[in-house]
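Since the structure comes first, as structure tokens, the remarks are kept for the end.
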Number of protein chains: 2
Amino acid sequence: MTKQYKDLTSYTEVHQGVVALAADVVTFTVLGESLQVLLIERGSQPFKGRWAIPGGFLRKIESLEDTARRELREETGVGEGFLMTQIGTWSDPKRDPRGRVVTTVFAALVDSSELKPKADTDAAKVAWFPMDELPQLAFDHKDILSRALTWLRRALYDTRVADALLGETFTLSELRGVHEAILGEPIDKRNFRKRVLASGMVKETKGYRTGAHRPAQLYKFS
Amino acid sequence: MTKQYKDLTSYTEVHQGVVALAADVVTFTVLGESLQVLLIERGSQPFKGRWAIPGGFLRKIESLEDTARRELREETGVGEGFLMTQIGTWSDPKRDPRGRVVTTVFAALVDSSELKPKADTDAAKVAWFPMDELPQLAFDHKDILSRALTWLRRALYDTRVADALLGETFTLSELRGVHEAILGEPIDKRNFRKRVLASGMVKETKGYRTGAHRPAQLYKFS
DNA sequence: GCAAAAGTGTTTAATATACACCCATGA
DNA sequence: TCATGGGTGTATATTAAACACTTTTGC
């Protein structure tokens, strides 16, 4: 890995100029029938007034995963029990007009029932947007969101994806709703039930969700 | 992305200490029946005498993709026509004892017939190793290779993977050999042929490969 | 009793797997 | 002529997809 440099001091001589290393967090949740993503409105230039993926800079003694976790907690108040996965690193020298910013992007999945929609602190507005009604985005964040969505759809069949978006127990309709929101298309009720039960990824509980209509049996991930 | 910092200058005040940004390239090729990876022997501490994934540091006006491409060319002499994909970024603060090195890892696939196994320049030994007979590795490179192999196996059904590992034309046995080398298990000859022809990813040419035995028809990617 | 969501099976199509022998060539 | 890799087909199992009506509850 270090053919040209005997140590990191000689590296700094070659590498003039600041490179800032950031972690951005694409936070997804499913609200009703809609896949939503958390964005913040930029209060200053560049891209003032546009919306951006929340993120922050790497600190000296943390990994990028730590940075992302810390950012997510600051933005959403969500502490544990979420799923966080690295999506990729964006490093185009011109992606940030202020200077060199290399960003590693993470996708986080949070259970909407656990959300305390953080008050808009220090002049930064925070809001959820449906993935199919995104506002004007800052930087290359449109591209990043597109890649994050691709990742999410591919990853759907990992048990943990829907697990992270639902509470401890859930009805099969709720689980199907999560899949539909992510894929953006309807799924046959009977085939879905068959598939998900045959896979063994969920097991039934004794509970029922009562509501306006016929009660639905509750399941949990196994 | 920049809630806490008005500009990158204020970032540098917080972010004391050097963070070096590198791109490492896991270069795969298939030689005969074996999946091979390119490694270099470290000539200095730390991990002197162990083998490492080739890589280099990000330069001021290039992207990490550019860095990786440049490194691959320097190590293998391979210029165009290879496949390069980002695998992930490793950022554990303790992963390099010399200081803070964050590495974005790429996987590259090169056609073994195009290789000019670069002479061991400036005291650095370069060698191909079969993935199932790896030497002692430096840093966290064992983990990185493991993840790269996982990526490669998942990505196999993208046409481009085998495309990058073979020449312009190839026999179906050669194509199957690539799949077997990557998956590490035998594949039924007839089923493979059926599947690959039905998928439309290859089409036949008029050429034949003659050798010691019955000539084999040549195919190319479509 | 009616509106609304829960729950339930069968048929058909597509895809994947297992498996063995003859063919064409160079040496 | 023989050793070697090239080339071929069928039967079975598994998986995916299409599709409509009855049940249970709250109001």
inquiry  = Tell me which residues in residues 213-222 of chain A lie within less than 4.0 Å of DNA chain C, going by non-hydrogen atoms.
reply    =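 Under 4.0 Å from DNA chain C: A/H213, A/R214, A/P215, A/A216, A/Q217.
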
task = List the atom of A/H141, the atom of A/D24, and the distance in Å for their closest heavy-atom pair.
result =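 Heavy atoms of A/H141 and A/D24 come nearest at NE2-OD2, 3.6 Å.
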
task = Applying ring-ring contact (aromatic ring centres under 6.0 Å, His included), name anything that partners A/Y208, two or more places apart in sequence or on another chain.
result =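 With neighbours one apart ignored, the set is empty.
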
request  = Could you tell me which residues satisfy ring-ring contact (aromatic ring centres under 6.0 Å, His included) with A/F28, sequence neighbours excluded, listed by chain and number?
outcome  =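 By the ring-ring contact (aromatic ring centres under 6.0 Å, His included) rule, A/F28 matches no residue at all.
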
request  = Compare all side-chain heavy atoms of A/D143 with those of A/W90 and state whether any distance is below 4.5 angstrom.
outcome  =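 Yes - at least one pair of side-chain heavy atoms lies under 4.5 Å apart.
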
Heavy-atom check, side chain of A/Y219 versus side chain of A/V196, under 4.5 Å =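 A/Y219 does not reach A/V196 side chain to side chain.
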
query = Parallel under 30°, tilted from 30 to 60°, perpendicular over 60°: which one fits the rings of B/F221 and B/F170?
reply =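 B/F221 and B/F170: tilted rings.
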
message = Over 60° means perpendicular and under 30° means parallel, so tell me whether B/H179 and B/F192 are parallel, tilted or perpendicular.
response =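 Answer is perpendicular, since the angle exceeds 60°.
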
message = Does a side-chain N or O of B/S173 approach OP1 or OP2 of D/dG6 to a distance below 4.0 Å, or not?
response =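 It does, given that an N or O in the side chain of B/S173 lies less than 4.0 Å from OP1 or OP2 of D/dG6.
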
task = Identify whether the distance between the nearest side-chain nitrogen and carboxylate oxygen of B/E74 and B/R70 falls below 4.0 Å.
result =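 Yes, this pair counts.
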
query = Could you state the OH-P distance from A/Y157 to D/dT15, rounded to the nearest angstrom?
reply =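 Distance check: A/Y157 OH to D/dT15 P gives 15 Å.
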
message = Can you pull out the residues from residues 182-204 of chain A that lie within a 4.0 Å heavy-atom distance of DNA chain D?
response =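 Under 4.0 Å from DNA chain D: A/D188, A/R190, A/N191, A/K194.
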
ask   = Listed by chain and number, what are the side-chain contact (heavy atoms from CB on, under 4.5 Å) partners of A/K220, not counting sequence neighbours?
value =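 A/K220 satisfies side-chain contact (heavy atoms from CB on, under 4.5 Å) with A/T169, A/K203, A/T205 once adjacent residues are dropped.
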
request  = Walking along DNA chain C from 5' to 3', note the first and the last nucleotide with an atom under 4.0 Å from a heavy atom of chain A, and give both.
outcome  =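 The contact span of chain A on DNA chain C goes from C/dA4 to C/dT10.
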
query = Within the distance-only criterion (no hydrogens, no angle test), does the side chain of B/R42 pair as donor or acceptor with the backbone N or O of B/P46 below 3.5 angstrom?
reply =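 Checked: pair present.
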
